[in-house]
Amino acid sequence: MPHPSSSSFSSASVDAAAKGVKLERYASGGGALLMRRAGSSKIVAASSHLLFRAAVLATLALVCLFAVHYPSLLSRSFRLSAAASSSSPPRQTSRHRNLLGSSSAYAGAAWEREVRRSATPRRDGGMSVLVTGAAGFVGAHCALALRARGDGVLGLDNFNAYYEPALKRARQRLLASRGVVVLGADINDAALLERLFAAVPFTHVLHLAAQAGVRYAMRAPQTYVASNVAGLVSIFEAAARHADPQPAIVWASSSSVYGLNTDAPFSEDHRTDRPASLYAATKKAGEAIAHAYNHIYGLSITGLRFFTVYGPWGRPDMAYFSFARSIVAGEPITLFRAADGTDVRRDFTYIDDVVKGCLGALDTAGKSTGSKSGKKRGPAPLRVYNLGNTSPVAVTRMVAILEKLLGKKANKRVVTMPSNGDVPFTHANVSHAARDFGYHPTTSLDAGLRKFVEWFLQYYKIDPAKLAKGSRVGTKTTKKKSMGAKSAAS
């Protein structure tokens, strides 16, 4: 058997011989041919490099030219690219894209003049209020009330498509007719918020922008986190770090934070650590975040827990609104009953009463004690209040009132409430709000729904006479099959 060392030596000899043959061929003329080919390759490579550099320079020139002439489109493409590279939201959230262009449009002397004009009070001692969600239901009503009494108001809304943007645009036009500017932008646009606080010394922020709805959170959870948590932090950050002086902040929490609480009526002293829905959890998280910003930065913060707000210019996803549409269109509605067979009940609160509560909270908010430097002079107010009607009413009773006002019977289907985050009843104790800023709701459900139906018929151009005759009447917007399946959300 050969020795391992002799085997290795034999292999080395063969390799050396092979290399020798290759070298001999190269020396006999093959090498010259290869050298000529190498020279030709270098020429081609040099030409390719020149062409590549020319193409790069031309591309850069085109990009610079595009950036000069179309800056807003370019910035928007960068934002979309950044969004695509991050964790993708659920498919349903594509409906919630911002319908407007880049916030870079909000700059310049003319823009600042318009913003300041809208935000400047018209009465001695008036407030200057930034209202987020100003094209929304509660936001629009509050902005109108503030302007009517002479306060300065600037609105902010992203006009997303959770429900028909046309209704939000109509509210925006109504506000514009009263001298209130509503900017189309998102509360998560930190650069725009910083620009606004630099342009206007807001005394107050009424933060009402949020992703609403209990059941929709099961289909699009990320939109709730982005709006109700990240958006709230954006507002607090801008007010704490970029406003001088810091404004007092009043923001919309929700009665949903009471979750699985069974003590009634719901009091601010009751437990709120058992949310029954993601929506409720984001609002509860907001209350905890408010505590942190109040403690660290000295922001004066008031949270308002709304109880089923209804009325003219309302939200089409709410039960009373969607039921009215379905009754008019001759479509069935679904009513929920609790697991024990009892009717679902809600503490329906008319919009005018809620507006009075919001303005009362603003008027008594107290001052923030912090500064842009991060130092605070002492503790600042941190409050939370219920804003309800104190009189729960069965949803079946609400439907009966709508039937009477519309002159047409509903096609009702009654089912047991599913386990989707809704609760069987809500009932507000408003004694704290009554004590601190004189909150006293005065509008009954019958009176409030009468005002809603009057607006509803006028806005959608519906002839009451045709309804009375039982004819099928549509509305000017596209109806969704799910509209009839809504129950009263808080």
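All of these numbers come straight from a predicted model, not from anything done at the bench.
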Test side-chain contact (heavy atoms from CB on, under 4.5 Å) applied to Phe323 and Met398, step by step | CA-CA 10 Å; Phe323 287 169; Met398 179 263 289; 3.8 Å; yes

Any side-chain donor-acceptor pair under 3.5 Å between [X] and [Y]?
| X | Y | answer |
| --- | --- | --- |
| Arg383 | Thr364 | yes |
| Arg305 | Ser255 | no |
| Thr443 | Asp353 | yes |
| Thr282 | Asn228 | yes |
| Thr396 | Asp343 | yes |
| Tyr385 | Asp436 | yes |
| Tyr162 | Arg315 | no |
| Ser444 | Asp446 | no |

Take Arg450 and Lys404 through the side-chain contact (heavy atoms from CB on, under 4.5 Å) test and state the conclusion after the steps.
-> CA-CA 10 Å; Arg450 184 179 300 107; Lys404 180 179 178 181; over 6 Å; no

Check ring-ring contact (aromatic ring centres under 6.0 Å, His included) between Tyr439 and all other residues, then give those that pass, not counting sequence neighbours.
-> none

With Phe266, which residues qualify under ring-ring contact (aromatic ring centres under 6.0 Å, His included), at least two apart?
-> Tyr258, Phe425

Start with the C-alpha distance between Thr308 and Asp347, add both sets of side-chain angles, then the distance that settles side chain to side chain donor-acceptor pair (under 3.5 Å), and finish with yes or no.
-> CA-CA 6 Å; Thr308 316; Asp347 199 341; over 6 Å; no

For residues [X] and [Y], report the shortest heavy-atom separation together with the two atoms involved.
| X | Y | answer |
| --- | --- | --- |
| Leu304 | Ala361 | CD2-CB, 4.0 Å |
| Leu402 | Ala324 | CD1-N, 4.2 Å |
| Ser300 | Ser368 | N-OG, 2.9 Å |
| Ala380 | Gly298 | CB-O, 3.3 Å |
| Asn188 | Ser234 | OD1-OG, 3.1 Å |
| Thr349 | Phe307 | OG1-O, 2.7 Å |

Start with the C-alpha gap between Leu206 and Thr132, add the side-chain angles, then the distance that decides, and say whether side-chain contact (heavy atoms from CB on, under 4.5 Å) holds.
-> CA-CA 6 Å; Leu206 181 57; Thr132 69; over 6 Å; no

What residues form a side-chain contact (heavy atoms from CB on, under 4.5 Å) with [X], not counting sequence neighbours?
| X | result |
| --- | --- |
| Lys367 | none |
| Val233 | Glu237, Ile289, Tyr293 |
| Ala410 | Ile327, Ile333, Val399, Glu403, Lys412 |

May I ask you to decide if Phe236's main-chain N or O and Tyr297's side chain share a donor-acceptor pair within less than 3.5 Å?
-> no

Report yes or no: is the cationic atom of Arg169 (NZ for Lys, CZ for Arg) closer than 6.0 Å to the six-membered ring centre of Phe159, at no more than 45° off its axis?
->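 Ring-cation test returns yes.
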
Pi-cation contact, Tyr163 with Lys168 (under 6.0 Å, within 45°) |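 Because its charged atom sits under 6.0 Å from the ring centre and within 45° of the axis, Lys168 does stack over Tyr163.
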
Would you check if the distance from the ring center of Phe452 to the ring center of Phe321 is below 6.0 Å?
->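 Yes.
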
Find the distance between [atom1] ([X]) and [atom2] ([Y]) and round it off to the nearest 0.5 Å.
| X | Y | atom1 | atom2 | value |
| --- | --- | --- | --- | --- |
| Glu268 | His270 | CD | NE2 | 9.5 Å |
| Tyr310 | Lys451 | OH | NZ | 8.5 Å |
| His204 | Met127 | NE2 | CE | 5.0 Å |

N-O pairing of Arg117 and Glu114 below 4.0 Å | yes

Under the ring-ring contact (aromatic ring centres under 6.0 Å, His included) rule, what pairs show up with a residue in residues 167-195, not counting sequence neighbours?
->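 Sorted result for residues 167-195: empty, none.
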
Aromatic plane relationship, His295 with His291 - under 30° parallel, 30 to 60° tilted, over 60° perpendicular | parallel

Measure the acute angle between the ring planes of Trp455 and Trp313, then classify it against the limits of 30° and 60° as parallel, tilted or perpendicular.
-> tilted

Take Phe197 and Phe202, measure what ring pair (Phe, Tyr, Trp, His ring centres under 6.0 Å) needs, and give me the verdict at the end.
-> CA-CA 7 Å; Phe197 282 112; Phe202 292 107; 5.7 Å; yes

Do Met318 and Phe137 pass the side-chain contact (heavy atoms from CB on, under 4.5 Å) test, and can you show the C-alpha distance, the side-chain angles, and the key distance before you say yes or no?
-> CA-CA 11 Å; Met318 296 290 285; Phe137 174 32; over 6 Å; no

